Amino acid sequence: MDLLTFLLQSADLSDRVSREQFASEWSIKRIEKGTHIIRQEEPETYEGILLEGCFASRIYDSNCLEICIDFYVGPSVLTPNIARTRDGLSIVEVEAITDATIAMMDKEKLSNLMLASEPVRDWANGVLRKELSRKADREWCLAALGGSDRLAWFREKFPGYEQIFAHSLIASFLGMTPVTLSRLRGQERHR
């Protein structure tokens, strides 16, 4: 999907000129599978829209244990910079799981566009609200549901992702071991 089409579907920009101008402010970049577009604890200053492809977002704890915290399948907006950085440094790592195309813009440039344009501000605030809701929904899942219910929740919220992403990432995202996920999937096949 191209950026202008994505923005047309997701932003209420009042006229064609506004849409085209907003779209022209983003730079488009091709990303190869396996590339880390964001690295934990490194400076990070941009916003991103995944136009095509798949990304996984992870954090590493103090013991270097990898924990998957999000999935992106294009077209989708990456978690806003303010929610993935602290003091200008990334608190997450984002890797291209497939070849991908991303639109990028410096966060300060987007902030200035938000100040100058109410439709851009409304779009960006809507992205942030949606992201906060998604994160709260996942927190609820991890706190309130058992293993099989977590898997059912995942399938409802992320249809088809089991065929796209490694099951080790999905297990980590759901707060379980890969063995537990495999067992739950096996139990379903035998029903």
Side-chain angles (χ1 to χ4, degrees), residues 1-13 18-62 66-139 142 157-158 161 165 169 172-173:
M1 172 175 288
D2 70 21
L3 180 60
L4 187 56
T5 302
F6 177 77
L7 292 173
L8 283 171
Q9 294 174 354
S10 65
D12 184 23
L13 298 171
S18 296
R19 289 187 298 265
E20 290 177 357
Q21 182 180 3
F22 186 48
S24 73
E25 298 291 339
W26 297 81
S27 61
I28 308 297
K29 185 175 180 182
R30 283 292 298 157
I31 307 291
E32 290 185 18
K33 177 182 178 178
T35 301
H36 287 80
I37 65 160
I38 299 171
R39 293 223 179 246
Q40 191 171 333
E41 299 181 3
E42 290 187 5
E44 207 273 290
T45 63
Y46 72 88
E47 303 292 356
I49 300 173
L50 177 62
L51 298 172
E52 297 173 340
C54 302
F55 289 165
S57 180
R58 307 174 179 106
I59 60 171
Y60 292 90
D61 69 11
S62 59
E66 175 185 280
I67 302 160
C68 181
I69 59 168
D70 216 339
F71 298 103
Y72 304 97
V73 174
S76 63
V77 180
L78 297 184
T79 299
N81 182 281
I82 193 170
R84 64 174 197 267
T85 60
R86 296 292 174 270
D87 300 321
L89 299 178
S90 178
I91 59 173
V92 302
E93 196 134 324
V94 178
E95 179 185 4
I97 302 302
T98 66
D99 288 345
T101 303
I102 186 171
M104 299 165 48
M105 181 186 299
D106 184 80
K107 68 179 180 133
E108 295 303 323
K109 186 176 193 177
L110 181 58
S111 292
N112 290 335
L113 290 172
M114 289 169 62
L115 291 172
S117 168
E118 186 175 346
V120 172
R121 183 172 50 250
D122 290 345
W123 173 81
N125 286 334
V127 166
L128 187 56
R129 278 191 303 277
K130 184 177 176 184
E131 183 63 22
L132 290 172
S133 179
R134 281 177 12 92
K135 297 291 185 189
D137 197 28
R138 177 171 176 253
E139 285 179 23
L142 293 174
K157 298 293 182 182
F158 301 90
Y161 282 33
F165 294 95
L169 288 173
S172 174
F173 181 77

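None of the values given here were measured: they were computed from a predicted structure. No hydrogens, no waters, no symmetry mates; every other heavy atom, side chains included, goes into these values.
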Closest approach of [X] and [Y], non-hydrogen atoms and distance?
{"X": "L50", "Y": "E52", "answer": "CD1-O, 3.2 Å"}
{"X": "V94", "Y": "V92", "answer": "CG2-CG2, 4.2 Å"}
{"X": "D122", "Y": "R129", "answer": "O-NH2, 4.4 Å"}

Item to check | F22 six-ring face occupied by R121 cation (under 6.0 Å, within 45°) | outcome: no
Checklist entry - Would I38 and F55 satisfy side-chain contact (heavy atoms from CB on, under 4.5 Å), going step by step from the backbone distance to the final call? => result CA-CA 11 Å; I38 299 171; F55 289 165; over 6 Å; no
Between atom [atom1] of [X] and atom [atom2] of [Y], what is the distance when rounded to the nearest 0.5 Å?
{"X": "I28", "Y": "M104", "atom1": "CD1", "atom2": "CE", "result": "10.0 Å"}
{"X": "M105", "Y": "Y46", "atom1": "CE", "atom2": "OH", "result": "13.5 Å"}
{"X": "F71", "Y": "F165", "atom1": "CZ", "atom2": "CZ", "result": "6.0 Å"}
{"X": "K107", "Y": "E44", "atom1": "NZ", "atom2": "CD", "result": "8.5 Å"}
{"X": "R134", "Y": "D70", "atom1": "CZ", "atom2": "CG", "result": "4.0 Å"}
{"X": "E25", "Y": "N112", "atom1": "CD", "atom2": "CG", "result": "10.0 Å"}

Next on the checklist: Under a 3.5 Å distance rule, please check whether S117 uses its side chain to pair with a backbone N or O of L113 as donor and acceptor.
Outcome noted: no
Checklist entry - Checking S133 side chain against K130 main chain: does a donor-acceptor pair fall under 3.5 Å? => result no
Checklist entry - Which is it for K135 and E139 under the salt bridge (charged side-chain N to carboxylate O under 4.0 Å, His left out) test, yes or no, and what are the steps along the way? => result CA-CA 6 Å; K135 297 291 185 189; E139 285 179 23; over 6 Å; no
Next on the checklist: Test ring-ring contact (aromatic ring centres under 6.0 Å, His included) on F158 and F173; report intermediate values, then the result.
Outcome noted: CA-CA 12 Å; F158 301 90; F173 181 77; 5.5 Å; yes
Item to check | Member of Q40, R39, R58 meeting the side-chain hydrogen bond (donor to acceptor under 3.5 Å, both in side chains) criterion with E93 | outcome: R39
Heavy-atom check, side chain of [X] versus side chain of [Y], under 4.5 Å:
{"X": "I37", "Y": "L78", "answer": "yes"}
{"X": "W26", "Y": "L51", "answer": "no"}
{"X": "P43", "Y": "L89", "answer": "yes"}

Item to check | Of all pairs that satisfy ring-ring contact (aromatic ring centres under 6.0 Å, His included), the ones with a partner from residues 72-95, not counting sequence neighbours | outcome: none
Checklist entry - How about E131 and T79: does a side-chain donor come under 3.5 Å of a side-chain acceptor? => result yes
Next on the checklist: With side-chain contact (heavy atoms from CB on, under 4.5 Å) as the criterion, how do E66 and L169 come out once you've worked through the C-alpha distance, each side chain's angles and the decisive distance to 0.1 Å?
Outcome noted: CA-CA 9 Å; E66 175 185 280; L169 288 173; 3.9 Å; yes
All side-chain hydrogen bond (donor to acceptor under 3.5 Å, both in side chains) counterparts of [X], not counting sequence neighbours:
{"X": "K157", "value": "D137"}
{"X": "D106", "value": "T45"}
{"X": "R138", "value": "none"}

Checklist entry - Partners of Y60 by ring-ring contact (aromatic ring centres under 6.0 Å, His included), sequence neighbours excluded? => result none
Check residues 96-103 and write down every donor-acceptor pair under 3.5 Å in which the side-chain atom is one partner and the other belongs to a residue at least two apart or another chain.
| unit_1 | atom_1 | unit_2 | atom_2 | d |
| --- | --- | --- | --- | --- |
| T98 | OG1 | C54 | N | 2.9 |
| D99 | OD1 | K33 | N | 2.8 |
| T101 | OG1 | R30 | NH1 | 2.4 |

Checklist entry - Taking atom CD of E118 as the centre, does the number of heavy atoms from other residues, nucleotides or ligands within less than 6.0 Å exceed 12? => result no
